[in-house]
Student: 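My questions all concern the structure below.
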Amino acid sequence: MRALTVTLNAALDVTYRVGALRPGATHRVTDAAVRAGGKGVNVARVLHALGVPVLATGLAGGGAGIALRDDLVLSGVPQAMFPIEGETRRTVTVVAESGQATLFAEPGPEVTSGEWAEFLGHYRELAAVADVVVLSGSLPRGLPVDAYATLVRTTSAPVVLDADGSALAAGASAGPAVITPNRGELTAASEMDDPLALGAAAALVSDGARGMTAYTSEGVWTAAPPEVITGNPTGAGDAAVAALVAAWHLPWPKRLAEAVALSAAAVRAPLAGDFDRAFYDQHRADITPREVHED
């Protein structure tokens, strides 16, 4: 299994930990971390930690882009980020002791049509030798709304799409293997009750603390974490995507259980892209998906 993750709007992630977040107040940061981020980068980190061969690609530019690539190299995560002129964005996540996380995300660089055309060639070469491709996150300025649809249509391997809004709707119409929205993102992308009506072969929909539901041609299953999880939920969805890829050969109920377990383990980790391995190993067998029968 060889995975390729694509992060078109990669980021240099800054995480601050504070006692409590109070608007208008001065905060003393108890811990700070800076690392390569963006949804696809987080997926690659988790896959690498699971021992799944993975390559992270996407767009990176400026000083923040250099720092992003250097951090991936230091982390041991294989990368082939494509250089652009614009400055890679930064995100700031403030995590309170209660576990509540507040995210500030810059919009990202302006990508030129020439850079996009060159990246497509770069992408096709990498995707040609991948067994599964993951397309994750928002689109930077300058890219067409159907950018993900273009990537899906030019990929022979199964594609997992994790996007929202118009990028999700357009990308899903190209027929990826799986889409992974949360319930709010799904509602924003479509007024239809059936997630598969968007065009994907399957959908893994997150309901936050209530767990996840897998909609497939084989049936619908739902599953929840074994206990109430507190911590930093920022990378939970990315961990769920990584679990899907790592368990690609398994039947859907087992893939769903793995996604729920790894997502919960990610909430317990301090930084997006990490997970609590002991929690994951202890509880992954405790999650039993329940089949949902339509009336």
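Only this structure's heavy atoms are used, side chains among them; waters, hydrogens and symmetry mates stay out. Because the structure is a prediction, the values reported are computed rather than measured.
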Student: Check the hydrophobic clustering (I, L, V, M, F, W, Y; side-chain heavy atoms under 4.5 Å; chains of links allowed) and say if Ile66 and Leu74 are grouped together.
Tutor: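 They do not share one cluster, since no chain of ILVMFWY contacts under 4.5 Å joins Ile66 to Leu74.
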Student: Could you give me the CA-CA distance, side-chain angles and deciding distance for Leu120 and Thr150, then say whether side chain to side chain contact (heavy atoms under 4.5 Å, CB included) is met?
Tutor: CA-CA 9 Å; Leu120 287 176; Thr150 297; 4.2 Å; yes
Student: Show every donor-acceptor pair shorter than 3.5 Å between a side-chain atom in residues 235-253 and any protein atom, with sequence neighbours excluded, or say none if there are none.
Tutor:
| from | atom 1 | to | atom 2 | distance (Å) |
| --- | --- | --- | --- | --- |
| Asp238 | OD1 | Lys39 | NZ | 2.8 |
| Asp238 | OD2 | Asn42 | ND2 | 2.9 |

Student: Which residue is it: Leu4, Val152, Asp162? I am looking for the one with a side-chain contact (heavy atoms from CB on, under 4.5 Å) to Leu135.
Tutor: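 For Leu135, the side-chain contact (heavy atoms from CB on, under 4.5 Å) test succeeds with only one of Leu4, Val152, Asp162, which is Val152.
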Student: Out of curiosity, Arg124 CZ to Leu151 CG, how far, rounded to the nearest 0.5 Å?
Tutor: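 If we round to the nearest 0.5 Å, Arg124:CZ and Leu151:CG are 8.5 Å apart.
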Student: Looking only at non-hydrogen atoms, find the nearest pair between Ala200 and Ile179 and report the distance.
Tutor: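 In terms of heavy atoms, the two residues are closest at CB-CG2, 3.7 Å.
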Student: Distance from Arg290 atom CZ to Leu256 atom CG, nearest 0.5 Å?
Tutor: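 Here the rounded value is 11.0 Å.
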Student: Ignoring hydrogens and geometry, is there a side-chain-to-backbone donor-acceptor pair from Thr216 to Glu218 under 3.5 Å?
Tutor: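 Indeed, once roles are kept as given, a pair shorter than 3.5 Å links the two residues.
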Student: Do Leu168 and Leu204 belong together in a cluster built from hydrophobic side chains that touch within less than 4.5 Å?
Tutor: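 No, separate clusters.
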Student: Could you pull out the closest heavy-atom pair between Ala223 and Pro289, with the gap in Å?
Tutor: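 Looking at all heavy atoms of both residues, the shortest contact is CB-CA, 4.0 Å.
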Student: Leu126, Val159: one ILVMFWY side-chain cluster at the under-4.5 Å cut-off?
Tutor: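 In one cluster: yes.
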Student: Determine whether a donor-acceptor pair (N or O, by modelled atom type, separation under 3.5 Å) exists between the side chain of Thr222 and the backbone of Met212.
Tutor: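 Confirmed, Thr222 side chain pairs with Met212 backbone.
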Student: Flag the pair Asp13 / Val34 as yes when at least one side-chain heavy-atom distance between them is below 4.5 Å, and no otherwise.
Tutor: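 No, their side chains stay 4.5 Å or more apart.
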Student: Just checking Arg17: does its CZ atom have more than 12 heavy atoms from other residues, nucleotides or ligands closer to it than 6.0 angstrom?
Tutor: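 More than 12 within 6.0 Å, yes.
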Student: Without swapping roles, check the side chain of Glu258 against the backbone of Arg255 for a donor-acceptor pair under 3.5 Å.
Tutor: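 Here the side-chain-to-backbone pair does not exist.
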Student: State yes or no: do Leu68 and Leu59 share one hydrophobic cluster built from I, L, V, M, F, W and Y residues joined by side-chain heavy-atom distances below 4.5 Å, directly or via other members?
Tutor: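 They do not share one cluster, since no chain of ILVMFWY contacts under 4.5 Å joins Leu68 to Leu59.
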Student: By the ring-ring contact (aromatic ring centres under 6.0 Å, His included) test, which pairs, at least two apart or in different chains, include something from residues 255-287?
Tutor: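 Qualifying pairs, neighbours excluded: Phe275-Tyr280, Phe279-His283.
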Student: Please tell me if the side chains of Leu139 and Tyr148 come closer than 4.5 Å, counting only heavy atoms from C-beta onward.
Tutor: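 With C-beta onward as the side chain, the pair touches.
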Student: Please check if the side chain of Thr88 supplies one atom and the backbone of Gly61 the other of a donor-acceptor pair under 3.5 Å.
Tutor: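 Side chain of Thr88 to backbone of Gly61, a donor-acceptor pair under 3.5 Å: yes, one is there.
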Student: Looking at side-chain heavy atoms only, is the closest gap between Ile84 and Pro109 below 4.5 Å?
Tutor: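 Yes; the side chains approach each other to less than 4.5 Å.
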Student: One pair to check against side-chain hydrogen bond (donor to acceptor under 3.5 Å, both in side chains): Thr155 and Tyr123. What are the steps and the verdict?
Tutor: CA-CA 9 Å; Thr155 308; Tyr123 168 80; 2.5 Å; yes
Student: Enter the distance from Asn182:CG to Asp207:CG here, rounded to the nearest 0.5 Å.
Tutor: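 That separation rounds to 8.5 Å.
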Student: Kindly compute the distance separating OG (Ser113) from CD (Glu118), expressed to the nearest 0.5 Å.
Tutor: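 Nearest 0.5 Å value for the OG-CD distance: 10.0 Å.
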Student: For the pair Phe119 and Phe82, name the ring-plane relationship: parallel under 30°, tilted 30 to 60°, perpendicular over 60°.
Tutor: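 If you compare the ring of Phe119 with that of Phe82, the planes turn out perpendicular.
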Student: Determine whether Asp31 and Tyr16 make a side-chain contact, defined as any pair of heavy atoms from C-beta on separated by less than 4.5 Å.
Tutor: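 No, every pair of side-chain atoms sits at 4.5 Å or beyond.
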Student: Given side chain to side chain contact (heavy atoms under 4.5 Å, CB included), test Val94 with Phe104 step by step and report yes or no.
Tutor: CA-CA 8 Å; Val94 182; Phe104 300 88; 4.1 Å; yes
Student: Leu50 and Val43: same hydrophobic cluster, using ILVMFWY side-chain contacts below 4.5 Å?
Tutor: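 Yes; Val43 is reachable from Leu50 via cluster members.
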Student: Tell me, do Thr180 and Leu161 make a side-chain contact under 4.5 Å, heavy atoms counted?
Tutor: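 No, their side chains stay 4.5 Å or more apart.
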Student: Is a side-chain N or O of Arg183 found less than 3.5 angstrom from the main chain of Ser206, in a donor-acceptor match?
Tutor: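 Here the side-chain-to-backbone pair does not exist.
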Student: Less than 4.5 Å apart, any side-chain heavy atom of Arg35 and any of Leu271?
Tutor: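 SC-SC contact between Arg35 and Leu271 confirmed.
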Student: Hey, does Pro78 have a side-chain heavy atom less than 4.5 Å from the side chain of His48?
Tutor: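 Yes - at least one pair of side-chain heavy atoms lies under 4.5 Å apart.
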Student: In Å, rounded to the nearest 0.5 Å, how long is the span from CE of Met1 to CG of Leu47?
Tutor: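 Those atoms lie 9.5 Å apart.
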Student: Before accepting this row, confirm whether a basic side-chain N of the pair Asp146/Arg153 lies closer than 4.0 Å to the acidic partner's carboxylate O.
Tutor: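 A salt bridge is absent here (no side-chain N lies under 4.0 Å from a carboxylate O).
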Student: Is Arg210 reaching over with its side chain to a backbone N or O of Ala224, donor-acceptor style, under 3.5 angstrom?
Tutor: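 Not confirmed, Arg210 side chain does not pair with Ala224 backbone.
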Student: After noting the C-alpha distance and the side-chain angles of Leu103 and Val92, does the key distance pass the side chain to side chain contact (heavy atoms under 4.5 Å, CB included) rule?
Tutor: CA-CA 6 Å; Leu103 174 66; Val92 178; over 6 Å; no
Student: Between Glu87 (side chain only) and Gly63 (backbone N and O only), is there a donor and an acceptor less than 3.5 Å apart?
Tutor: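 It does hold such a pair.
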Student: Given the rule in the side chain to side chain contact (heavy atoms under 4.5 Å, CB included) test, do His27 and Leu21 qualify, once you have shown the distances and angles that lead to the verdict?
Tutor: CA-CA 7 Å; His27 296 78; Leu21 182 61; 3.6 Å; yes
Student: Could you tell me the separation between the CD atom of Gln79 and the CG atom of Asp71, rounded to the nearest 0.5 Å?
Tutor: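 One gets 10.5 Å once the value is rounded to the nearest 0.5 Å.
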Student: Under 3.5 Å, side chain of Glu125 to main-chain N/O of His122, donor-acceptor pair present?
Tutor: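 Side chain of Glu125 to backbone of His122, a donor-acceptor pair under 3.5 Å: no, none is there.
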Student: Is there side-chain contact between Leu186 and Leu198, with heavy atoms separated by less than 4.5 Å?
Tutor: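 Yes; the side chains approach each other to less than 4.5 Å.
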Student: Of all heavy-atom pairs between Ala96 and Gly19, which one has the smallest distance, and what is that distance?
Tutor: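 Scanning both residues completely, I find the closest heavy atoms to be CB-O, 4.0 Å.
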Student: Has the side chain of Thr7 got a donor or acceptor atom that lies under 3.5 Å from a matching backbone atom of Gly40?
Tutor: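 Pair found, side chain donor or acceptor close to backbone of Gly40.
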Student: Are there more than 12 heavy atoms of other residues, nucleotides or ligands under 6.0 Å from atom CD of Glu291?
Tutor: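 More than 12 heavy atoms, drawn from other residues, nucleotides or ligands, come within 6.0 Å of this atom.
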Student: Between Arg277 (side chain) and Ala49 (backbone), is there a donor-acceptor pair under 3.5 Å?
Tutor: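 Between the backbone of Ala49 and the side chain of Arg277 there is a qualifying donor-acceptor contact (under 3.5 Å).
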